[in-house]
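Because only heavy atoms are used, hydrogens play no part in the values below, and waters and symmetry mates are left out as well, while side chains stay in. Each chain gets a letter, A, B and so on, in the order its sequence line appears, and its residues count up from 1.
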Number of protein chains: 2
Amino acid sequence: MTDAEYVSIWMRPERPARGPKPAYSRAQITDAAVRIADAEGLEAATMRRIADEIGAGTMSLYRYVPGRDDLVELMADRVMGEIDVEGMPSGDWRADLTRYAYGVRTMWRRHPWIATVHRAVPSFGPNRLRLIERVMGTLDTHVSIDENLGLMAVLNGYVEGAARDEVSWAEEVRRSGLSETDWMVRSGPYVNQLLESGEYPIFSKIVMEASGPHLHRDDRFRYGLERVLDCIAAALPAPVESPVAANREGREDRDG
Amino acid sequence: MTDAEYVSIWMRPERPARGPKPAYSRAQITDAAVRIADAEGLEAATMRRIADEIGAGTMSLYRYVPGRDDLVELMADRVMGEIDVEGMPSGDWRADLTRYAYGVRTMWRRHPWIATVHRAVPSFGPNRLRLIERVMGTLDTHVSIDENLGLMAVLNGYVEGAARDEVSWAEEVRRSGLSETDWMVRSGPYVNQLLESGEYPIFSKIVMEASGPHLHRDDRFRYGLERVLDCIAAALPAPVESPVAANREGREDRDG
DNA sequence: CCAAAACCGAGTACAAGGTACCCAGTGGAG
DNA sequence: CTCCACTGGGTACCTTGTACTCGGTTTTGG
């Protein structure tokens with residue numbers, strides 16, 4: 001293996017000092033790859049395809065990127081940069097985290113392939129670091145780093161999980177090459193079989209609810225997010241001057 | 001495209017009625033695949049490797065499974081069956097959900113490759129259905145299906161997100177082929193560079209906390225889980241006769 | 001009991017995709 | 001001007017999924 005000469009993609013300089021001017025750039029390659037993945041899925045972003053997209057030879061990409069895995073890592077960090085966390089922490093943690101949550105969701109919907117990137121978690125690119133500083137910074141003055149990590153796991157878990165759910169369905173439909181309607185028609189027989197067996201009452205409820213007048217996806221996301229934020233509020237030491245955090249016993253606070 | 005003759009893997013009968021006795025079985029193939037993936041990662045579970053494992057010819061597998069994607073789907077549902085939800089709902093929703101959460105975590109740690117399976121979300125195998133019935137059943141009598149889905153998104157998001165975090169690191173280490181220590185040594189230079197730049201105070205706190213006397217992974221998981229369960233408790237209509245649900249204003253209830 | 005049909009396991013072969021290796025051209029350093 | 005590190009990119013190889021095919025076996029129809 002290339003153990004000895006391994007360097008993280010984030011430390012590896014884009015280009016050596018000497019030599020001719022390069023014709024392309026990491027950013028250009030990453031952008032092209034993201035564009036393809038957005039339109040046709042991550043598996044369509046092959047080295048050959050990306051090279052074609054920018055008019056380069058396939059192997060030329062390897063002058064800029066050690067391999068495809070690292071390129072995907074670059075792509076992941078690149079799209080994390082689209083999440084707007086400017087001005088955080090602002091002092092209003094609830095507003096900050098709400099904005100962050102919607103930012104993540106928007107980004108996932110724009111780049112569904114992000115659900116299939118595994119190395120995103122262990123990777124610390126510049127944009128990921130910025131998110132950590134800004135977002136965890138909003139709670140940093142209120143709780144210990146331990147608690148902060150715990151609460152962030154709850155928030156991130158929910159937001160990414162919800163986004164992953166939405167996006168996974170859409171990707172499955174796209175992969176099938178069918179229209180959304182045709183796709184549902186195709187899965188109809190199996191779902192019907194489950195419904196008619198009578199063994200899955202809860203599943204049936206879910207299906208029925210989905211076909212009746214139901215909470216829109218946005219409302220559902222908002223509902224869960226509010227529950228998570230309430231959860232964080234409850235874990236915070238003392239409400240200093242936030243007039244929002246006073247509703248915690250009833251449950252008539254359904255939103256929508 | 002095989003659009004016309006598409007049938008979900010869950011509807012497709014394992015074998016036709018007629019013909020000679022089959023030498024293998026779907027379960028046998030799935031088990032072998034899971035065994036390989038556990039030990040060497042999902043990418044090591046190639047059709048050839050799986051066939052070798054059970055002593056079959058590569059192409060023989062296609063008599064039992066339409067293709068690799070479907071096999072992975074079978075694998076995913078197979079390991080979901082390891083999550084013990086027997087006797088749920090028991091009446092004590094908090095105990096049920098706690099058991100479920102730890103069950104999921106244990107399963108993920110046993111089968112880290114599950115983090116890389118994308119079709120798991122849109123797929124409804126028998127074991128996934130069982131989980132839905134049992135686990136969502138614990139809240140079904142207390143809240144609407146809408147709220148139940150929302151609260152489950154919070155719980156599942158947290159549990160899977162936390163598991164994914166733990167597992168992603170481990171997988172990254174495994175993929176590198178290095179020991180955990182060597183792996184950390186290898187990423188040392190980059191982390192040090194970040195630390196010394198002084199631009200990432202929160203990140204530095206995380207690193208410092210991780211190397212000092214810190215919350216063990218188990219304690220951290222438990223902390224987040226308790227926050228989520230508190231969040232669910234707060235969203236429930238009215239504590240009927242649960243003596244546990246009475247602590248919701250202070251925060252001296254840190255556990256561990 | 002026999003012939004045909006259906007199904008079995010498995011080998012051969014091909015298309016994609018990542019990438020090691022190689023080569024000729026180029027432009028900055030001396 | 002000379003040199004050589006570096007460039008873009010072509011060729012070729014390995015791995016992996018899987019379509020096709022075939023000879024043998026089991027079941028069915030008579």
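- Using a 4.0 Å heavy-atom distance criterion, A:A51 is classed as making no nucleic acid contact.
- With sequence neighbours excluded, the residues that form a side-chain contact (heavy atoms from CB on, under 4.5 Å) with B:T106 are B:R110.
- Remark: A:A153 pairs with B:Y158 by the side-chain contact (heavy atoms from CB on, under 4.5 Å) rule, at least two apart or across chains.
- The distance between atom CD of B:E14 and atom P of C:dC7, rounded to the nearest whole Å, is 15 Å.
- Looking at residues two or more places apart in sequence or on another chain, you find a ring pair (Phe, Tyr, Trp, His ring centres under 6.0 Å) between A:Y102 and A:F221.
- The distance from atom CG of B:D52 to atom C1' of D:dT15 is 14 Å, rounded to the nearest whole Å.
- In summary, the side chains of A:Y64 and A:D70 do not present any donor paired with an acceptor at a separation below 3.5 Å, with no hydrogens or angles considered.
- Atom pair A:L61:CG and D:dG9:P shows a separation of 9 Å (rounding to whole Å applied).
- Here B:A27 pairs with B:S25 under the side-chain contact (heavy atoms from CB on, under 4.5 Å) rule; sequence neighbours left out.
- Every salt bridge (charged side-chain N to carboxylate O under 4.0 Å, His left out) that A:R105 has, sequence neighbours left out, goes to A:E166, A:D218.
- For the salt bridge (charged side-chain N to carboxylate O under 4.0 Å, His left out) test, no residue two or more places apart in sequence or in another chain qualifies with A:E196.
- For the pair A:Y64 OH and D:dC6 C1', the interatomic distance rounds to 11 Å; values are reported in whole Å.
- Heavy-atom distances under 4.0 Å link DNA chain C to B:A23, B:Y24 of residues 23-32 of chain B, given in residue order.
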What does the B/S/- profile of nucleotides 16-23 of chain D look like, 5' to 3', with a 4.0 Å heavy-atom cutoff to protein? BBBBB---
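- In this structure A:H118 satisfies the side-chain contact (heavy atoms from CB on, under 4.5 Å) test together with B:T116, B:H118, sequence neighbours excluded.
- Between A:S60 and D:dG8, a side-chain N or O to OP1/OP2 separation shorter than 4.0 Å is absent.
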